[in-house]
Engineer: 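Below is the structure I would like to discuss, written out as structure tokens.
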Amino acid sequence: MTEEKCPQLVDYFVVAGLAPGGSAPLDEEGQQRGGRVVEPVTDLVVIARGLGEEVPEGFTCIEKTQGGHPAELSAGLINNPHMYLCYRRGHDKPPILDLGVLYEGKEVVKQGWYVIETTPYSRSASLSFGGPATHRTFLTYRRAPESQALHTLGVTDISLLLPSKGEVAAHTFCRVEKNLNTGIWGPALYLCYKRAVAKANALVYEAGLISRYPEADVESFPLPESVPMFCLPMGVTVESWPLNTKYQLPVFSTFVLTSACGDKVYGAAIQFYEAFPRECLSERQSVRLGLVSVVDRRPITNRTLQVKKSVCVLSHWPFFTVFQKFLTFVYRYSISGPHVLPLEKHISSFMHNVPFPSPQRPRILVQLSPYDNLLLCQPVSSPLLLSGASFVKLLQNLGPENACVLLLAVLTEHKLLLHSLRPDVLTSVSEALVSMTFPLRWHCPYIPLCPLRLADVLCAPMPFIVGVHSSYFDLYDPPTDVVCVDLDTNTIFQAEDKKPLSWRSLPRKHGKMLVNTLTNLMKTLEKIYTTGQEEATLEFLLTDYDLIYGRQKQLELEIQEAFLRFMSCLLRGYRAYLLPITQAPSDRTTDCSSLFNLQGFLKSRERTHQKFYTQLTRTQMFTQFIEECSFVSDRHACLEFFDECVQKSDVEKPEEVRLIDLDEAHSGEHTVFIMPPEEPQEPDGSECPTHYSYETFPVLCMDLFDQPQDQLRVPTKGSAPSSPAPRRTKQEIKLAQKRAQIYSAVPDMWSKCLLGHCYGLWFIYLPTFVRAESAKVRALQTAYEVLKHMETRKVVLPDEVCYRILMQLCGQYGQPVLAVRVLLEMKKAGITPNTITYAYYNKAVLESKWPSTNQGGRLRWAKLRNVLMAVAQFRQPVRQRQKSGSVGSRTGQDIFTCYLFFTIVCNKKWSMLEYHFDILLEYISHSVLSAFLCSQCRPPGPRDTVSRKAVDENYNNVSPPSRGSLTGKLQQLLTPTRHRVSGRRAASVDARRSGGENGPVHRVSEQRQSRKAQVSSLSVGSDVDLPDTTNLAFPLRKSWDTNQEGAGLQVLMSSCSLCRSCNSLVYDEEIMAGWTSDDSNLNSSCPFCSTTFVPLLNAEICDLGPISSSYSESMGESPQVTVAYLSPLVLRKELESLLENEGEAVLAQGQLLDSHSIIFWNLVWYFHRLGLPSNLLQLVRSSPLANQLAQVTPLPGFSWENSAVRVRLLWDTLTPDTDHWPPLYILWRIHSGVPMRNHSWRRHNHPFTLAFLEEVLRWVGMNEVHKGITLFLETIAKHPGTPKIQRSLYREMLFLTLAAMGRDHVAAFDKKYKAAYQRLSGSLGRGELRRKRAQPPSPKAVDCRRSFLLPLEC
């Protein structure tokens, strides 16, 4: 088995910043980013103009509201002092961070906040008159600390608004939700302010790549050139800081890149500042940064120069928290030191040694250093795709109603612009926006964190979802047709000329249910969610992680489930309006209008919601969704999961239904420890000196990286990529398990469940079988007949794999008409195809070549017309011979049948005629030639009959099919589909009989028939109500090559197993009844002692001999094989695992018999148990078992390669224990002189004489089975010693009855025995009868025997 790397956690490590040797000089590049950057607000005052106060110097007075109305703060006072708010900007003080309003007496001043109590002229700055019934109102503010004056969120703009005048907060402004006017009259007045990063003097450049690891691109994912731009979306800044500026902490950001094939790549970066040399700046740049004086160009020494840089990791997995900790560790490592190991060692250790979490290792603790560690946990296992979405952050930053508004905006494909001062929040919320519309997928431009250089996408004439840093609005205004969402203030801004979006535009019932659910989850979120959990200690990671973060993970899933429930209700019933392709494809076949009944879907929705649904169905998302549901795509598992959610939510109270069930099988507490890189030591054992320290983040040196190791290699999952149809999705497996659990408790349904899995096994094998057959269309027709037969028998199918595989093969071998028939049969059976099956069907009918409708087909039928004209010419001499009595009327009837057939077929479509052409032409030609040959013969007589037969035999030896077989084919076409195959079987039997009446072949066949007639009464059937196998709808064959004559191999198989606990033989139907619904449990339960045991399947390879004798003497020691007898549920799981690991080709290779003997022999057993064709027996010929048999029975110059292989399924055990008494049916055969397999029975002093056997049979024949039971029990009780019997009393009498009387005399044996058991229970007691193993089989066992049709032999 080959090996490959498991999913790699990190693909690239990138260092971005001011690239050395850039294309543009620094003095030119730094001037490209002019802007309208404003200084932060540093001071606030309140003045009373009515009292003669004026605006202080350097301050700006806010005289108007946003709508142009007077901005008096004291409009509600009786003696209005005309108070106004004034502010001053600058960099001389730390900026003001927040504004507020204080109601004195109702609340206290928060710590760190200042109250504006007086005006600059020492008058009261209260905005209301204080009194007994009122409270005074003051403005408050909070200032940044002195050491954090730079790069903090400072107030940059202030405004006032009057909601009664229709004024709303401007874009990016925060509104203080406290009314400034607390008087008895006057309009309500609110304070608004805008915050932005308080920046120093800076030069801005475009980011470039400094270094990367690995240097060579990964073949499957080359490093995009735009990565540095996303690491530093607002560009690289060179800034001058005061000397006392506090060190700035790194800023974490995330972004998402989309590859050409649609795959998402997640980036995690931290931005930090480091020292920049002044020598790299020009004089002009130094002046702009304030490093030299403007007048005399004298250097200013009280300022430092800093440059922004970023380190980033790229991965296909959104482990943002883990990446943040690793990047922070790398950055801290670079600014500390010195160290023994270089930085590159830690980077390569994390990239190459940390495995991806899996079910075998769900928790990985990475020890980065003695003081730094991180915990990597397996993602939540759910059918939904893994993404970087955080629904908790979505609800935290938007609230329930605004989250629903954005859901409406995404569903109707609006232009959305998200912005925040927190770059990591942008990506999490953007990912949540595109995830909450599942299964609809956003196909328009999507940039969660858009670099400044790519901001032109905001002017694109198409829908988009773009996220930008809020400082973007310091430079530019957004387009008017864009919906702006401020995540920091939870406001949605739209153009005034457009109707604002409202969640009430969603379907009323479903929208209200969503809002209520989100509101309740928001309350829970406020209670349990805590930010800034400390995770540095090892004790916390191993003990409290699941407790603290498990609740947050559960809340995340509940929010996601709320949106999923809404989408399930929104699209409920959509599959009923999908239009399958049933005709030859045209140019408009793949259009959405041809694939989906749009008008019918809209009419099924409520009239009040027609506008919303009309907008939804016109979006690109919905069109793509219909195409994904109609054709093969990589989202089949997700779409099937959504269909299951639609079914679950189709109840009266869908909000109470759980849609996302976590797969607990993949969760575990096993933790893998990854140690940090090992530090080298000196030869004497002492520590190495510390050589590595860094002033700035270094340029990576490739020579210092460690090479990747092989410890992350895992077995390859190598299923055949061209045949994904046999694979069941997780949802199908889970549904099959649930059904099996339900059916295991219902006797008559359990057998049908097992039968359905058996047929599923054969259809999984079907691609291998069809590939090996020369007549592939015939094999597909056989599979179609099997499907119809399954429908007739009411088989409970666990899934749709049977139909799906046949549809896929129809497309592979160009049979679209048959694919349509399979779909009709599927609907006839009451099965609605799921997304996967429906997609494979459309693929088959769309990509396959349909029967020709051009002139070529007409030419072929013109050729047929010429043949009919030739028939008409031959009619004259034929009629003359008929009148003279020389030729029978059969030829004329044949020609008339041809004419009738031609008339019927011509009424059909041309596309269906080519299938019948060859058969009809062959039949007519044969009829004409036969008539011609017969017309040349002399008048009839006894000798003529013999000569005519001889001519026919000679003709049959050289011609293609015989006359009878052609008649059978024609009969197949002229009769209904249900009886076609049975007619063909009858015709082929007639042909074999007519072709072999004379000669030695006839004598051999008579010998076989006489021997078969002799032992026909000895065949042991599977049930008394078993129908005749000739009535089946498809040709059942025990072996695909049993028609071959001569010497060959015979495989004897039996599933009879011994229970070691009670020393009882347990038979096939009892084993089936004892199996459980667990597809990992190999045990069955004994019907006598209820002990669980693993049943065994035994196979014996022996020489068939020149004549297939039913009971030939075994010669020598034949090779035997014993494997576990698997339930169809267990076998299917193992077979699917085998195909997943080694591909479908293994089913046609000899290693299947050698390396996977359990699977091989179980498949042979079940396929022949149901009479299903296969090529598995061909593997036996070249196996070591056949070579071993050749050594036991050597034949000079003979090889098993081309010999026939016959399989006989036996009911009783292959190797009976000769130390026990022989069973009654063996004693009967010994007394009757019937040939049978020699088991070398020992002579036992048993009480079963011939008279005893005849007496038991007499009581059975007289319908007094209870007397036979009593006789058996009394006979054993009188015999001295312990009875040496392994079979139950029921089994002994059943086999004896079948061996002596045949199947026709045991039609009611089960009913008779059950009635006898009920009668004896009153006198002897059920407990005593069970102790003596006299009870009949359970109803579940009887039904299992009845469901598997073909009889077993003894």
Side-chain angles (χ1 to χ4, degrees), residues 1018 1020 1054 1056-1067 1070 1086-1091 1093 1211-1234 1236-1262 1264-1301 1309 1312-1337 1354:
L1018 306 179
V1020 180
S1054 173
C1056 180
S1057 302
L1058 179 66
C1059 174
R1060 300 292 181 181
S1061 178
C1062 62
N1063 198 28
S1064 301
L1065 288 176
V1066 184
Y1067 289 85
E1070 296 168 336
C1086 176
F1088 307 107
C1089 64
S1090 301
T1091 304
F1093 69 101
W1211 206 340
D1212 206 357
T1213 177
L1214 287 180
T1215 56
D1217 188 355
T1218 56
D1219 292 334
H1220 288 76
W1221 295 346
L1224 299 185
Y1225 78 95
I1226 292 294
L1227 296 175
W1228 176 263
R1229 288 176 178 171
I1230 293 176
H1231 289 299
S1232 303
V1234 177
M1236 57 185 177
R1237 300 177 67 236
N1238 183 15
H1239 292 299
S1240 301
W1241 288 99
R1242 299 181 182 179
R1243 293 188 177 272
H1244 295 279
N1245 186 21
H1246 58 76
F1248 304 136
T1249 63
L1250 179 59
F1252 169 80
L1253 299 178
E1254 291 177 345
E1255 185 71 11
V1256 171
L1257 291 173
R1258 187 172 68 87
W1259 291 126
V1260 173
M1262 296 177 62
E1264 294 184 356
V1265 181
H1266 65 283
K1267 294 184 178 181
I1269 297 175
T1270 305
L1271 176 62
F1272 187 94
L1273 296 177
E1274 291 177 352
T1275 303
I1276 289 189
K1278 294 177 182 179
H1279 187 79
T1282 304
K1284 298 181 179 181
I1285 301 177
Q1286 289 182 313
R1287 294 162 185 82
S1288 65
L1289 177 55
Y1290 165 83
R1291 195 68 55 177
E1292 291 279 9
M1293 297 186 66
L1294 173 66
F1295 286 178
L1296 176 61
T1297 305
L1298 294 178
M1301 300 181 183
F1309 179 79
K1312 293 178 182 179
Y1313 192 90
K1314 186 176 181 180
Y1317 177 76
Q1318 296 289 344
R1319 183 171 181 175
L1320 293 176
S1321 298
S1323 58
L1324 300 179
R1326 288 181 181 268
E1328 181 66 17
L1329 291 176
R1330 291 185 65 87
R1331 189 181 65 82
K1332 296 180 179 180
R1333 297 183 300 186
Q1335 73 270 23
C1354 270

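Predicted model only: the values in this text are computed from it and were never measured.
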Engineer: Atom CG in Asp1219, atom CD in Gln1286: separation rounded to 0.5 Å?
Structural biologist: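 Asp1219 atom CG to Gln1286 atom CD measures 9.0 Å (nearest 0.5 Å).
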Engineer: How would you list, by chain and number, every residue that makes a salt bridge (charged side-chain N to carboxylate O under 4.0 Å, His left out) with Lys1267, sequence neighbours excluded?
Structural biologist: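 Salt bridge (charged side-chain N to carboxylate O under 4.0 Å, His left out) list for Lys1267, sorted by chain: Glu1264.
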Engineer: Keeping Ser1054 on the side-chain end and Asp1212 on the backbone end, is there a donor-acceptor pair under 3.5 Å?
Structural biologist: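 Present.
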Engineer: Can you see which heavy atom on Leu1257 is nearest to which on Thr1297, and at what distance?
Structural biologist: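 For Leu1257 versus Thr1297, the nearest heavy atoms are CD2-CA, 4.1 Å.
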Engineer: I need the minimum non-hydrogen distance between Leu1324 and Leu1273, along with the two atoms involved.
Structural biologist: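 So the minimum-distance heavy-atom pair works out to CD1-CD1, 4.1 Å.
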Engineer: Got more than 12 heavy atoms from elsewhere within 6.0 Å of CZ, Arg1319?
Structural biologist: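 Check fails, neighbour count at 12 or below.
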Engineer: Which atom pair, heavy atoms only, marks the closest approach of Gln1335 to Leu1329?
Structural biologist: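 In this case the closest contact between Gln1335 and Leu1329 is OE1-O, 3.9 Å.
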Engineer: Taking all atoms of both residues into account, what is the closest heavy-atom pair of Trp1221 and Pro1283, and its distance?
Structural biologist: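 Heavy-atom minimum between the residues: CH2-CA, 3.8 Å.
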Engineer: Measure up the Phe1248 and Phe1272 rings against each other and bin them: parallel (under 30°), tilted (30 to 60°), perpendicular (over 60°).
Structural biologist: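 Geometry flag for Phe1272 against Phe1248: parallel rings.
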Engineer: For Glu1328, enumerate each residue passing the salt bridge (charged side-chain N to carboxylate O under 4.0 Å, His left out) test, keeping only those at least two apart in sequence or located in another chain.
Structural biologist: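 So Glu1328 forms a salt bridge (charged side-chain N to carboxylate O under 4.0 Å, His left out) with Arg1331, Lys1332.
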Engineer: Restricting to side-chain contact (heavy atoms from CB on, under 4.5 Å), what partner residues turn up for Ser1288, sequence neighbours left out?
Structural biologist: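 Phe1088, Tyr1290, Arg1291, Arg1333.
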Engineer: To the closest 0.5 Å, what do you measure between NE2 (His1246) and CD1 (Ile1285)?
Structural biologist: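 One gets 10.5 Å once the value is rounded to the nearest 0.5 Å.
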